[in-house]
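A short write-up of the structure that comes next.
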Amino acid sequence: MVVREIPYGRVLAYGQVAARAGLPGRARLVARVLATTTDPDLPWHRVVGSGGRLALSADAPAGALQRRRLAAEGLEIRGRRVVQMVTDDGRGLDAALWGPGAGAPRTR
DNA sequence: CTCCTGACTGCGG
DNA sequence: CCCGCAGCCAGGA
């Protein structure tokens, strides 16, 4: 459910998903779930490693797919990581919930 | 039961 | 940025 709640164009780290699910420290469990799920509606591509690092290699089919999807959602990908382009224009509320700290890989 | 392997992490060096 | 290391833990062999 936590994964399903990740907004379009936003990403969350495995550990954060686990934490939000009430299972702090269980990042690996989240990874395992995503790796084995068959649910076609689960936005698994919005889950990345800490710091915005992409866990899947670009060569792997899933890795390529994830990059394409994230790019399609307007996220910039540099090297092995996702660059959160938040450009807040005075929307502090959204930021409060899924804001800057929410996993958003430092940007710049 | 033990051993090995991850779509993980934070902390060094 | 890369590397290793120690925790972590569900599954499979």
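So you know, we letter chains A, B, ... as the sequences are listed, proteins then strands, and number each from 1.
Between A:Q16 atom CD and B:dA7 atom C1' there is a gap of 16 Å when expressed in whole angstrom units. For the pair A:L34 CG and B:dG6 P, the computed distance is 17 Å after rounding to whole Å. Atom CH2 in A:W44 sits about 17 Å away from atom C1' in B:dC8, given to the nearest Å.
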Show every donor-acceptor pair shorter than 3.5 Å between a side-chain atom in residues 25-35 of chain A and any protein atom, with sequence neighbours excluded, or say none if there are none.
none

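Across A:Y14 and A:A55, no two heavy atoms sit closer than the pair OH-CB, 3.4 Å. When all heavy atoms of A:V48 and A:Q66 are compared, the pair lying nearest together is CG1-NE2, 4.1 Å. Heavy atoms only, all atoms of each residue included: A:R10 and A:I6 are closest at O-CG2, 3.3 Å.
In secondary-structure terms, DNA chain C builds stems of at least 3 consecutive Watson-Crick or G-U pairs, each pair having both distances under 3.5 Å, at B:2-6 with C:9-13, B:8-13 with C:2-7.
Under the salt bridge (charged side-chain N to carboxylate O under 4.0 Å, His left out) criterion, A:R4 pairs with A:D39, sequence neighbours left out. Contacts of A:A21 classified as side chain to side chain contact (heavy atoms under 4.5 Å, CB included), with partners at least two apart in sequence or in another chain: A:V2.
For the C1' atoms, the distance linking B:dG6 with C:dC8 amounts to 12 Å, nearest Å.
Side-chain atoms of A:R81 never come within 3.5 Å of backbone atoms of A:R78 as a donor-acceptor pair (strictly under, hydrogens ignored).
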**Asked** Can you give one letter per nucleotide of nucleotides 1-13 of chain C, going 5' to 3': B for a protein heavy atom under 4.0 Å from the base, S for sugar-phosphate only, - for none?
**Response** S-----BBSSS--
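Listed by first and then second residue, the salt bridge (Lys or Arg N to Asp or Glu O under 4.0 Å) pairs involving residues 58-72 of chain A amount to none (not counting sequence neighbours).
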